[in-house]
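Below: the structure, in structure tokens.
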Amino acid sequence: MSTKVEKTVVVDVPLATVYDQWTQFEEFPHFMSGVESVRQLEDDRLEWVAEIGGVRRQWQARILEQVPERKVAWAATEGATNAGAVTFEDAGEGRTRVHLELDYEPEGPVEKAGDALGVIGSRTEKDLERFKAFIEDEGYATGAWRGAIRPGAAPGAPDVRDAAASRGDDGGAGISGKAVAAGAAAAAAVAGAAAVAARSKDSGEDEPVTLEAPRETPAAPVSGQTEISREVPVPGERSTGEATRPETAYDVASPVEEPATERIEPVTDRSVEDGDHPAGPR
């Protein structure tokens, strides 16, 4: 079910200046709340990015009719389903009446709740007031486009039926179905990681982490020496046939020599002869 919004504002600036400023679509973020960007892809095609009720929306719209100083009508072709028209009328004494009609379909619980509270209607009214203040402060248009697009092609204001092509993106939070598909794989990976973390938290145990020890590269044998594969008992352990280690060429070819010891003759008891004195400190 769609929602219709109609708002009007009278601007104290001549009609030509007001219309010229409205044709500068890329300037809309200066006075439209929540609008991040508007990019003109072609004369009759725009790309919008906006945040509505905390939900970031992206959509494309086609201008169905544009008549200088009279009307700009549009309908979404993908993304958020909306359509509408802005009309301009000389109000006399250098003033201009701007009337906006918008028809849109809220998506998701957040937008539907905001729709029930009249958020879009309130925002539209404030956006028109900011546009009034913007152009009245400047006193002139920052640019102009005087081309016409299919004049008379869309009598009255378009509604969501004219934006039927955008309904294929329902449930995508207003983001193009192409963008949703592109992010599906990344979302699945994040969801899997979150599930693992949740199980770990619920069990109170950390998930085991497997670490692979680095592989050691065996040292090359010294030139002229050959490693011997037989095993010998480890000194100091019983020879049970279990506690053994490989014997290498260093054990056989290069035995450790014991240090030479000086043999000391034992001192025997004998009487001290005349002239002999025991050794003592000097």
Q.
For R45 and T77: C-alpha separation, side-chain torsions, deciding distance, then whether side chain to side chain contact (heavy atoms under 4.5 Å, CB included) applies.
A. CA-CA 9 Å; R45 195 158 63 93; T77 57; 5.6 Å; no
Q) Can the ring centres of W48 and F25 be said to be less than 6.0 Å apart? A) no
Spacing of [X] atom [atom1] and [Y] atom [atom2] [to the nearest 0.5 Å]:
X	Y	atom1	atom2	result
I63	W74	CD1	CH2	10.0 Å
L46	R39	CG	CZ	10.5 Å
L128	E125	CG	CD	8.0 Å
E26	E47	CD	CD	10.5 Å
L100	K7	CG	NZ	10.5 Å
E138	E27	CD	CD	9.0 Å

[X] side chain to [Y] main-chain N or O, any donor-acceptor pair under 3.5 Å?
X	Y	answer
D162	V160	no
E101	A85	no
Q40	D43	yes
E136	D12	yes
Q24	A141	no
D127	S33	yes
S166	E78	no
T17	V13	no
T87	K71	no
D137	F134	no

Please examine the side chains of [Y] and [X], heavy atoms only from C-beta on, and report whether any two atoms are closer than 4.5 Å.
X	Y	result
D20	R146	yes
L102	I120	yes
V9	E129	yes
W22	F131	yes
T81	W59	no

Q) Is the number of heavy atoms from other residues, nucleotides or ligands within 6.0 Å of CZ (R161) greater than 12? A) no
Q.
How about CD on E93, more than 12 heavy atoms from neighbouring residues, nucleotides or ligands closer than 6.0 Å, or not?
A. no
Among the clusters formed by ILVMFWY side chains lying less than 4.5 Å apart, do [X] and [Y] turn up in the same one?
X	Y	result
W145	V86	yes
V72	I149	yes
F31	V35	yes

Q. Do E89 and R70 sit within salt-bridge range, that is, some charged N less than 4.0 Å from a carboxylate O?
A. no
Q.
Does this structure show an ion pair linking D90 with R97, if we count only N-O contacts that are shorter than 4.0 Å?
A. no
Closest non-hydrogen atom pair, [X] against [Y]:
X	Y	result
P106	M1	CD-O, 3.9 Å
D159	A83	O-CB, 3.2 Å
P14	T96	C-OG1, 3.1 Å

Q. Excluding sequence neighbours, so at least two apart, what forms side-chain hydrogen bond (donor to acceptor under 3.5 Å, both in side chains) with D103?
A. S2, K4
Q: Identify, with sequence neighbours excluded, every residue that meets ring pair (Phe, Tyr, Trp, His ring centres under 6.0 Å) alongside Y19.
A: F88
Q: Any chance you could lay out the side chain to side chain contact (heavy atoms under 4.5 Å, CB included) test for R150 and Q66, step after step, and finish with the verdict?
A: CA-CA 7 Å; R150 294 180 288 276; Q66 184 165 349; over 6 Å; no
Q: Walk me through it: do H99 and E6 pass the test side chain to side chain contact (heavy atoms under 4.5 Å, CB included)?
A: CA-CA 7 Å; H99 181 70; E6 290 191 41; 3.2 Å; yes
